[in-house]
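Heads up: the structure comes next, in structure tokens.
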Amino acid sequence: MIVFAAVPELKPTKPECQTDGLQLEGSHGWTPTMYIRLVQDFGLECEVAQHLATSYGDRAFAVAKLANLTGKRWPVIGNKIHPEFPYIDAEIRYGVREYAVTAVDMIARRLRLAFLNVQAAQEALPTIVNIMAEELNWSDDEKKKQLEMAHNFLATEMGMSVNRASRDKIPITLSQEEIKMYVKRFQILDHDHKGYVSINDIRRSMKNTGENVTGDELHEILREIDTNMNGQVELDEYLQMMSALKSGHISHSRFARMAELEEVHNKVQSKISVERSGGGF
């Protein structure tokens, strides 16, 4: 016969919260305007300084001291590892000195670039691995191994292969009228007639429709549709997504909603222009 004993109610020995007011590492000297000192004292780009202050707190100064000269008049230091993100070379060196020993650790857990934009993480990998190799004295074989491990991580864990596979399995089932409508919306977004929609096009469109989004959110919007993983949205990707919405394979897309609102905004602006010119009515 099994006898069960009731567990007595556990009560806290101290009623007050023991971690209330406890400051995390890096928070002691942080202020909302600390980034200004980073700009003035080190010659960092403002966006980079804000990123360092937000991510590292008062440790941002220690990170900045590890940055290399850019060779430009401005910014003086802080070479970006990818042109669309504020991450700089010094963060790689700092990460290594904080015990990061693999490229996967760097892109996934230290910088978290892999979660923001897989394509950008892949493009930044050679630079990241080269800097880590300097810090950790990696051989050419070890550098190759680290690159392979990181590429495999992005493909299997971060969805690069999955996105391509899912895209290829969903046929485009749009009518001619629907395709015509979506092509028009795509062309409105592609303001400069490049043949693709860039992150800057998305930023401009969100601003036009009065929606304020962070840089991370912009890249998330791009990532949801960028199945080619090349950092831009092409017409076939847009049509593929609209077909997936129509068939129910996906239920919602911020990019699709943005394209629809941009078309409405464009019509309103066109109407205003006609009225101001005294024509049309």
Side-chain angles (χ1 to χ4, degrees), residues 80-85 107 113-127 150-209 211 213-267 269-270:
K80 289 184 177 181
I81 63 171
H82 192 280
E84 294 184 2
F85 289 85
I107 62 174
L113 182 57
F115 293 93
L116 295 177
N117 189 299
V118 178
Q119 180 66 25
Q122 181 166 274
E123 292 170 357
L125 268 175
T127 300
H151 285 309
N152 183 63
F153 169 79
L154 293 174
T156 58
E157 300 296 328
M158 299 309 300
M160 290 183 74
S161 299
V162 175
N163 285 343
R164 289 195 181 99
S166 61
R167 179 200 64 187
D168 294 339
K169 291 177 182 178
I170 302 176
I172 295 179
T173 56
L174 300 172
S175 67
Q176 289 299 316
E177 284 301 313
E178 288 172 327
I179 291 177
K180 183 178 179 180
M181 177 179 64
Y182 295 138
V183 168
K184 180 181 178 182
R185 288 181 182 176
F186 186 85
Q187 290 172 340
I188 292 172
L189 286 173
D190 179 16
H191 184 71
D192 301 321
H193 309 294
K194 304 177 295 301
Y196 62 87
V197 174
S198 67
I199 193 74
N200 288 330
D201 292 322
I202 297 174
R203 182 183 290 109
R204 190 200 71 254
S205 178
M206 301 300 271
K207 184 178 180 180
N208 285 343
T209 54
E211 186 172 354
V213 294
T214 65
D216 290 351
E217 287 177 308
L218 286 172
H219 285 281
E220 282 298 317
I221 294 171
L222 176 66
R223 182 181 172 186
E224 77 174 19
I225 187 174
D226 181 22
T227 52
N228 291 332
M229 296 298 171
N230 61 357
Q232 59 196 37
V233 179
E234 294 162 3
L235 179 59
D236 65 321
E237 292 175 309
Y238 177 50
L239 295 177
Q240 189 77 49
M241 183 186 66
M242 299 312 299
S243 183
L245 280 167
K246 179 182 177 181
S247 63
H249 282 86
I250 57 177
S251 60
H252 176 73
S253 165
R254 290 188 70 181
F255 187 94
R257 178 61 177 162
M258 177 191 70
E260 181 181 356
L261 292 175
E262 181 70 2
E263 182 183 27
V264 173
H265 171 79
N266 189 65
K267 288 180 180 178
Q269 292 302 308
S270 297

To check you understand the geometry: which heavy-atom pair defines the closest contact between S253 and L245, and what is its length? CB-CD1, 4.1 Å
Value rounded to 0.5 Å, distance of CD in E177 from CE in M181: 9.0 Å
To the closest 0.5 Å, what do you measure between CG (L218) and CD1 (I199)? 5.0 Å
Heavy-atom closest pair, residues S205 and M258: OG-CG, 3.2 Å
Distance check, rounded to the nearest 0.5 Å: D236 atom CG versus L239 atom CG? 7.5 Å
Measure the spacing between CD of Q240 and CD of E237 and express it to the nearest 0.5 Å. 9.0 Å
Minimal non-hydrogen separation, L113 against A124, with atom names: CD2-CB, 4.1 Å
Can you name the closest pair of heavy atoms from I107 and A150 and give their distance? CD1-CB, 4.3 Å
Quick one: does E262's side chain get under 4.5 Å of R185's, heavy atoms only? no
With a cut-off of 6.0 Å (strictly less than), are more than 12 heavy atoms of other residues, nucleotides or ligands near NZ of K184? no
Kindly indicate whether the side chain of M206, heavy atoms from C-beta on, has any atom under 4.5 Å from the side chain of R254. yes
V183 side chain near K180 side chain, heavy-atom distance below 4.5 Å: no
Testing the basics here: between G195 and D190, what is the closest heavy-atom pair and its distance to 0.1 Å? N-OD2, 2.7 Å
To the nearest 0.5 Å, how far apart are CE in M241 and CZ in F255? 6.0 Å
Please determine, by modelled atom types, if Q232 and S198 share a side-chain donor-acceptor pair under 3.5 angstrom. no
For a 4.5 angstrom cut-off between non-hydrogen side-chain atoms, does L125 reach L154? yes
Under-4.0 Å salt bridge between R257 and E260: yes
Which distance, rounded to the nearest 0.5 Å, do you find between the CG of D201 and the CG of D192? 6.0 Å
Measuring only between side-chain heavy atoms, which start at C-beta, is L235 closer than 4.5 Å to Y182? no
Above 12 or not: heavy atoms from other molecules or residues under 6.0 Å from NZ of K194? yes
Step by step, would you call V233 with F186 a side chain to side chain contact (heavy atoms under 4.5 Å, CB included)? CA-CA 9 Å; V233 179; F186 186 85; 4.2 Å; yes
Shortest non-hydrogen contact between E178 and T173, atoms and distance: OE1-O, 4.4 Å
